[in-house]
Number of protein chains: 4
Amino acid sequence: MRSENEPSGQKARSFIEEARRSQIVASAVEVIAEVGFHQASLARIAQHAGISKGVISYHFAGKDELMTEVVERTYGAIAEHVLAKMAGLESATQLLRTHVMSVAEHMRGHRTQIKALGEIFYNFRAPDGRPRYGIESSEEIYLSLERIYRLGQETGEFRQFDPRVMAVTHSAAVDTMFAYWMAHPDHDLDAHARELADLLERACAK
Amino acid sequence: MRSENEPSGQKARSFIEEARRSQIVASAVEVIAEVGFHQASLARIAQHAGISKGVISYHFAGKDELMTEVVERTYGAIAEHVLAKMAGLESATQLLRTHVMSVAEHMRGHRTQIKALGEIFYNFRAPDGRPRYGIESSEEIYLSLERIYRLGQETGEFRQFDPRVMAVTHSAAVDTMFAYWMAHPDHDLDAHARELADLLERACAK
Amino acid sequence: MRSENEPSGQKARSFIEEARRSQIVASAVEVIAEVGFHQASLARIAQHAGISKGVISYHFAGKDELMTEVVERTYGAIAEHVLAKMAGLESATQLLRTHVMSVAEHMRGHRTQIKALGEIFYNFRAPDGRPRYGIESSEEIYLSLERIYRLGQETGEFRQFDPRVMAVTHSAAVDTMFAYWMAHPDHDLDAHARELADLLERACAK
Amino acid sequence: MRSENEPSGQKARSFIEEARRSQIVASAVEVIAEVGFHQASLARIAQHAGISKGVISYHFAGKDELMTEVVERTYGAIAEHVLAKMAGLESATQLLRTHVMSVAEHMRGHRTQIKALGEIFYNFRAPDGRPRYGIESSEEIYLSLERIYRLGQETGEFRQFDPRVMAVTHSAAVDTMFAYWMAHPDHDLDAHARELADLLERACAK
DNA sequence: CATGAATGAGCGTTCATTCAT
DNA sequence: TATGAATGAACGCTCATTCAT
């Protein structure tokens, strides 16, 4: 196991190692998206990547670490894209609409990754049986969205409502927009996003 | 399989059998809710019920039939409750609000069942690997909700919008209200439901 | 278990009991012939007979006793038929030919029974793993056939040869004639029997 | 399954792997010969070989593949030996006698293998319940033997008879010679083979 | 670094048998 | 007599993990 060699914890990974990790993560994403979390065995992931099972064990402490890495990379990519789009905007309405639209935008180009992300969020559990990423781990998102809704209330753009309920609903609506689109690939994602933005905007309006 | 012991093909289930099936279904619900679909092995379900593994195989053709039964019973109970509450209502606004409120009402008394239901919906797959209850099987719900929203548009209560997006969002918001409440048991479910009803009502308002 | 009630071992079976045993044996024969010895579970045999599994356990000490009964009844029927045909014949050649022809005759009307018999002979094993009816249990047949061949040698009809090899070969040829006919139902069983009788007769001729 | 660990699809088997497969096949042969096909579970075969159950699953796709391999290796060895002995012979009488004698010769050194082969032939069934190697799969042998008998008829060595009946009988006689010898280890196999060759030769003679 | 090999626990399922009613 | 119910062992198989090379 790699970590045995790095008691200090932070030694930089070699280029080769980084490449292997990326390759394995990519393979994991594809396999999970295709066959689901539980059918995505290390054997299948290795086979899909064209490497031996042992390689995965060598580069990752276990299946858990691999899954965690998938989540971090995939989730990070969404956040990066969305935050870039929202940077500089000042009105709550604009922020709200931009969030919905930019997530949809990102979805279109990253179906597989987001599918895999959802599978892991929903299925990955600690050895004690408790979900590793329960809804608790959405707290960060809820806080971000709440900030937008609170801003709108402060500026007077929005009526008074419970920002937490709005954030939870907003988040759920966006996630399900993705799931619906995955199940109905001909569905017009852009139109859905626009309708959803309207919906949320009106729900907040005074 | 049960029929091994029974000459006649279609005999109604005996009282004892019905009791056992119910007991097993109940145990399955509890185990699934606690450890998740995939960790809910027949061995665990049997152990939890205090019976031997073979009993389950005796009363159910297989894990599939057991899961199907759990879904039918649990989902049926929700539908029954909600439909009863909505019966007789005529205004789309009332229907919409009642749907949200009555689902929340039911949730409060059936946490475990609904948790298990979600696990099965999300994780149960056919032998070919395809989800048994994918988002496709929400079609029925979407159609029901669409009917409400269309009614509102026809009566002039609601503005023009895409009823499908509204239905999908409504459904997601309700499901996530449940998940959020499960993760935060002190959360005020009723208040959330009321806020959500407001939110949806305003989103539709002219 | 029945035998518990009859320490003396020989109490006559009631009419009802006899009927049940016959019914179960008949069902066992049909099931074994259709799906093979190992797939012929008590459950399947009971289901095929339209009775509950428990009935079999009640009337037979176990699967072993049932199988033994099938063998005895089926084998007895063949012996009865063949011996009747051979009764009164005196020349070894006639006896030999009649044996082959009468077995074939019986086969035509008892495909299922003989198929089942073969399955049991070949597959039925004692708990220690040893075949219950190995080739050792053909000893009786071999002795009968040997008697015919010895007779022919004594009367001068036949040349000198090892009667045991002839008997073993004769028996195998007849059994395989059946197996071949089962696999090729359009095969002309009578013609095969006649050819086989010729073959054996010539093999013995001076 | 082996391929899990192997990137390239068609790589030749390593020496070690080949050794393990041979070891497992050998163990399977011994266990099958001793306790019969159906009692020969993977657990027993593994235990007999002194390895864990998983090893078998690792080297063979499943029980089916293992059984198929046993058949191929064992049957191949017989064919090889017999064909070598028959090569170059031209008279039908010689071919016939050599076939019987060389099979017997091979039997003497491969009791266990041939016993196991018989078990598999008779008991191995496809998932649909149909025998994997029924009497139908003896067709190849029948054709070979028929060729010999036809040759004899053409050259005038043999009288006219149905070559198929002769082939089926020949094959059955040889198989049963083996079974008889297995049950009676003191039986003189060579003498039996010689007697059988005489028997068949005379049965064909003009 | 990477591999192939091996492990052992756990899975869903089948089945002969036992037993109270 | 007959039944439905229940048991528990064994089955083939999957899989994350470990390890010598």
Side-chain angles (χ1 to χ4, degrees), chain A residues 1-2 5 14 16-17 20 38-46 51-64 66, chain B residues 1-7 11 13-14 16-17 19-20 38-46 51-64 66, chain C residues 1-2 5 14 16-17 20 38-46 51-64 66, chain D residues 1-7 11 13-17 19-20 38-46 51-64 66 127:
Chain A
M1 219 172 318
R2 194 114 211 297
N5 297 330
S14 77
I16 282 190
E17 166 133 30
R20 265 283 194 248
H38 274 96
Q39 278 63 44
S41 64
L42 293 190
R44 242 205 264 233
I45 293 168
I51 57 177
S52 93
K53 258 194 318 179
V55 185
I56 300 181
S57 296
Y58 182 77
H59 288 284
F60 294 90
K63 202 182 188 186
D64 284 24
L66 171 55
Chain B
M1 214 174 321
R2 255 208 103 243
S3 51
E4 283 174 2
N5 273 335
E6 275 183 24
K11 220 169 63 182
R13 275 193 259 278
S14 73
I16 283 190
E17 163 128 41
R20 262 283 191 253
H38 275 97
Q39 278 66 41
S41 65
L42 293 190
R44 241 203 265 236
I45 293 168
I51 57 179
S52 93
K53 241 183 359 165
V55 184
I56 300 181
S57 294
Y58 179 75
H59 289 283
F60 293 90
K63 203 183 188 185
D64 281 26
L66 173 55
Chain C
M1 216 173 319
R2 189 108 214 304
N5 297 329
S14 76
I16 283 192
E17 168 134 32
R20 265 283 193 249
H38 274 96
Q39 278 64 43
S41 65
L42 293 190
R44 241 204 264 233
I45 293 168
I51 58 178
S52 93
K53 258 195 320 180
V55 184
I56 299 181
S57 296
Y58 182 77
H59 288 282
F60 293 91
K63 203 183 187 184
D64 284 24
L66 172 55
Chain D
M1 222 172 315
R2 254 208 105 242
S3 51
E4 284 174 0
N5 272 335
E6 275 182 24
K11 221 171 63 184
R13 275 193 259 275
S14 74
F15 172 74
I16 284 191
E17 163 127 40
R20 262 284 191 255
H38 275 96
Q39 278 66 40
S41 66
L42 294 190
R44 241 202 264 235
I45 293 169
I51 57 179
S52 94
K53 243 185 353 167
V55 184
I56 300 182
S57 294
Y58 179 75
H59 289 283
F60 293 90
K63 202 182 188 185
D64 282 26
L66 173 54

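Lettering of chains follows the sequences in order, A, B, ..., and the numbering in each one begins at 1. Here the structure is a predicted model, which means the values were calculated and not measured.
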Side chain of Ser41(A), heavy atoms from C-beta onward: which of dC15(F), dA2(E), dA2(F) has the nearest atom to it? dC15(F)
Looking only at dC13(F), dT7(F), dT7(E), the nucleotide nearest the Ser57(D) side chain is dC13(F)
Dot-bracket notation for DNA chain F, counting Watson-Crick and G-U pairs under 3.5 Å, with | for partners on another strand: .||||||||||||||||||||
Rounded to whole Å, please give me the gap between [atom1] in [X] and [atom2] in [N].
{"X": "Tyr58(C)", "N": "dA20(E)", "atom1": "OH", "atom2": "C1'", "result": "15 Å"}
{"X": "Leu42(B)", "N": "dG10(E)", "atom1": "CG", "atom2": "C1'", "result": "12 Å"}
{"X": "His59(A)", "N": "dA2(E)", "atom1": "NE2", "atom2": "C1'", "result": "8 Å"}
{"X": "Phe60(C)", "N": "dT17(E)", "atom1": "CZ", "atom2": "P", "result": "13 Å"}
{"X": "Ile45(A)", "N": "dC15(F)", "atom1": "CD1", "atom2": "C1'", "result": "12 Å"}
{"X": "Arg44(D)", "N": "dC13(F)", "atom1": "CZ", "atom2": "C1'", "result": "19 Å"}
{"X": "Ile51(A)", "N": "dG4(E)", "atom1": "CD1", "atom2": "P", "result": "11 Å"}
{"X": "Lys63(D)", "N": "dT14(F)", "atom1": "NZ", "atom2": "P", "result": "15 Å"}

On DNA chain E, nearest-nucleotide positions of Arg20(D) versus Gln39(C): which is more 5'? Arg20(D)
Taking for each residue the nucleotide of DNA chain E with the nearest heavy atom, is it Val55(A) or Gly62(B) whose nucleotide lies nearer the 5' end? Val55(A)
Nearest-nucleotide wise, let me know which of Gly54(B) and Gly54(D) is further upstream toward the 5' end of DNA chain F. Gly54(B)
When Ala40(D) and Asp64(A) are each assigned the nearest nucleotide of DNA chain F, the 5'-most assignment goes to Ala40(D)
Give, for atom [atom1] of [X] and atom [atom2] of [Y], the distance between the pair rounded to the nearest 0.5 Å.
{"X": "His38(C)", "Y": "Gln39(D)", "atom1": "NE2", "atom2": "CD", "result": "5.0 Å"}
{"X": "Lys53(D)", "Y": "Ser41(D)", "atom1": "NZ", "atom2": "OG", "result": "8.0 Å"}
{"X": "Ile51(C)", "Y": "Tyr58(C)", "atom1": "CD1", "atom2": "OH", "result": "13.5 Å"}

Taking OP1 and OP2 of dC15(E), is either one under 4.0 Å from a side-chain nitrogen or oxygen of His38(C)? no
When you measure from the side-chain N and O atoms of Ser52(D) to the phosphate of dG8(E), is any distance below 4.0 Å, counting only OP1 and OP2? no
What about Lys53(B): does its side chain form a donor-acceptor pair under 3.5 Å with the base of dT13(E)? yes
Mind checking side chain to side chain contact (heavy atoms under 4.5 Å, CB included) for Ser52(D) and listing every partner two or more places apart, or none if nothing turns up? Val55(D)
Does Ala19(B) have any side chain to side chain contact (heavy atoms under 4.5 Å, CB included) partners at least two apart in sequence or in another chain, and if so, which? none
Kindly give the heavy-atom pair with the smallest separation between Lys63(D) and Leu42(D), and that separation in Å. CG-CD2, 3.8 Å
